[in-house]
There are 2 protein chains.
Amino acid sequence: MSDTKQKLLDGTVETLRTKGIAGTSARAIATAAGVNQALVFYHFGSVDQLIDAACRDGAGSRVDEYHERFSKVASLRELLELGRALHTEESARGNVAVMAQVLAGAQQDEALAPAGRHALSLWITEIETVLARLLVRSPVAEAIDVPGLARAVSAAFVGLELYDGVDDRGADQAFAALEQFAVLIEVAEDLGPVARRALRSRLRKARSKP
Amino acid sequence: MSDTKQKLLDGTVETLRTKGIAGTSARAIATAAGVNQALVFYHFGSVDQLIDAACRDGAGSRVDEYHERFSKVASLRELLELGRALHTEESARGNVAVMAQVLAGAQQDEALAPAGRHALSLWITEIETVLARLLVRSPVAEAIDVPGLARAVSAAFVGLELYDGVDDRGADQAFAALEQFAVLIEVAEDLGPVARRALRSRLRKARSKP
DNA sequence: GTCTATAGAGGGATAGAC
DNA sequence: GTCTATCCCTCTATAGAC
C-alpha cells in the first residue's frame, strides 16, 4: 500500500470523525491527509469509494486490535465492561463514530451501504463468538437466538455512540443500567437445578405460543 | 402556524428521511415543501434552525400519537412488540430515521445537538414511564436503574434503525432476539417466593462489590 | 410574504503539465 | 504519481422587485 493511499484512508477516517458524513468532501479529506485533492480520484475513483475503503480498513484493523481482549472475556459483566471501555477509547480515536456516520449516510446512499454493513458485521462476528462461548449450555442460550442477540448488542452500541454525542451523562446512565442487567443474567445463569428446570419449562411454554 | 411554515417543517422531515443529513439543503427542503427556497431563511433564519424546529415538531406530534399505545402496554413483551410495530410503521413515515440523521449530524454540528437531545428525550420519557409502571415492586427494578434502562433502550432503538437501513434481515433477527429476552425477564419477574428471595440476595451481593 | 437574481464559497471530477 | 488549473454544479444567504 503506497504512502499516499494510506494517508488518504487515515485522512478519511479523521474527516468522518471530526466533520461527519455531511462534511466529508474530497477537499476536506485531502486537507486532513495532507495530499492534493485530485489524488482522491486518481487512487480511489470517487469520494464514496474512498469512504468505502477507509471504513473497511479502519474497522478491520480496529477489530483485530480488540480481538485478544474479546477472547479473554469470561463473563457477561466483563463483556459489558469491555464494551464500555471500547466506547470510551473509541470516542477519542473515533472508529465507532465513523461507523455511525457511514451507517447514517448509507440510509440514502446505496454506495455506502456495503461498507457500513461490512464494518458492523466485523463487530457482530466478534460479539457473537464471545456470547456463544459465554452462554454455552446455559438456559439463556436455549431461550435466545445468540446471533440475533449479537446483532442487537452491536446495533445498540452504535445508537449509544450517537446518544453520547448529544448527552454524555445520559449515555453513562444507560451503560450503567446495562451493566446491572448483565448481573441479572448472570444470576439467572447460576440458578440451582430446581429453579433452572422451572425456568426451562416456562421458556418452552412461552416459545410454543408466541 | 402559517401554511408555508408548516410546509417547510414537513418538507424538512421528508428531506431528512429521503436524502439524509448530508443531502438536506435549503434547496432540497424547499423543493420537497413546494415553496421558494428563500422562504427557508425568511421564516427560520437558517437551515440548521429549520431542522431544529422540524425535529421538535415531528418528534412531538409522533410521541403524542403513540402515547395512548404506550399507556396500554401491560408487559415487557408487549412493550417490545410495540417497539417493533413502531419501528415498522415509522420506517415508512420516517420519524425515527429523521432522529437518527439529526443525531448523526449533531455529533459535529453543535446547532443540531439540542434538537436531537430533545427529540430523543421525548421517547425516553415515554419508555421510562412504561418501564417504571411495569417493573414496580419487581426484583428487576431493584437491580436496575430504570431511567438508565430507558435511555439504553431508546438509544438501542436508534441504532437498530440504522442497522435496518443496511441489513434488514439482520435487524429482524435482532428484534426477534430482544423479544425472546423479554420473555426471560418476565419469567424472572414471576418467580416463586423462594427463588425470588434467592435472586434478591444474589443481586444485593453483586451490587455491594461491583 | 413571496418571488427572482445573484454574490461568493465550496463541491465533484477531469485535463494536461511535469 | 503528483501537481495546477479549471469546468460546471450546488450550496447558503441576501438584496431588492412585487
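Chain A is the first sequence line, chain B the second, and so forth, proteins listed ahead of strands; every chain is numbered from 1.
Rounded to the nearest 0.5 angstrom, A:Leu50 CG and A:Thr15 OG1 are separated by 9.0 Å. Taken to the nearest 0.5 Å, the OG atom of A:Ser154 stands 4.5 Å off from the CD1 atom of A:Ile124. Note that the CG atom of A:Leu80 and the CD atom of A:Gln180 stand 10.5 Å from one another [nearest 0.5 Å].
The separation between B:Phe44 atom CZ and C:dT2 atom C1' is 15 Å, rounded to whole Å. We find that NZ of A:Lys19 is positioned 19 Å from P of D:dC11, with the value rounded to whole Å. As a whole-Å value, the separation of A:Lys7 NZ from D:dT2 C1' is 11 Å. For the pair A:Leu50 CG and C:dG12 P, the computed distance is 11 Å after rounding to whole Å. Taking atom CG of A:Asn36 as the reference point, atom P of D:dT6 lies 15 Å away to the nearest angstrom. Residue A:His43 contributes atom NE2, which lies 16 Å from atom P of C:dA13 at whole-angstrom precision. What separates CG of B:Leu39 from P of C:dG1 is a distance of 10 Å, to the nearest Å.
Ion pairing of B:Glu65 with B:Arg62 is present here, as a side-chain N (NZ or NE/NH1/NH2) and a carboxylate O approach within less than 4.0 Å. Between B:Lys72 and B:Glu68 there is a salt bridge, since a side-chain N of the basic residue sits under 4.0 Å from a carboxylate O of the acidic one. The residues A:Glu128 and A:Arg151 are annotated as salt-bridged, a charged nitrogen and a carboxylate oxygen being separated by less than 4.0 angstrom. Ionic pairing of B:Glu14 and B:Arg17 is present here: one or more N-O contacts between side-chain nitrogen and carboxylate oxygen are shorter than 4.0 angstrom.
Pairs of residues two or more places apart, or lying in two chains, that qualify as ring pair (Phe, Tyr, Trp, His ring centres under 6.0 Å) and include a residue from residues 153-184 of chain B are A:Phe181-B:Phe181, B:His87-B:Phe175.
A donor-acceptor distance shorter than 3.5 angstrom exists from the side chain of A:Gln107 to the backbone of A:Leu103, with no hydrogens or angles considered.
Dashed line: the shortest gap from a side-chain N or O of A:Thr4 to OP1 or OP2 of D:dT2 is under 4.0 Å.
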### Message
Can you build the contact string for nucleotides 12-18 of chain D? Use B for base contact, S for sugar-phosphate-only contact, and - for no protein heavy atom under 4.0 Å.
### Response
BBB----
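Residues of residues 99-113 of chain A that place a heavy atom closer than 4.0 Å to DNA chain C do not occur.
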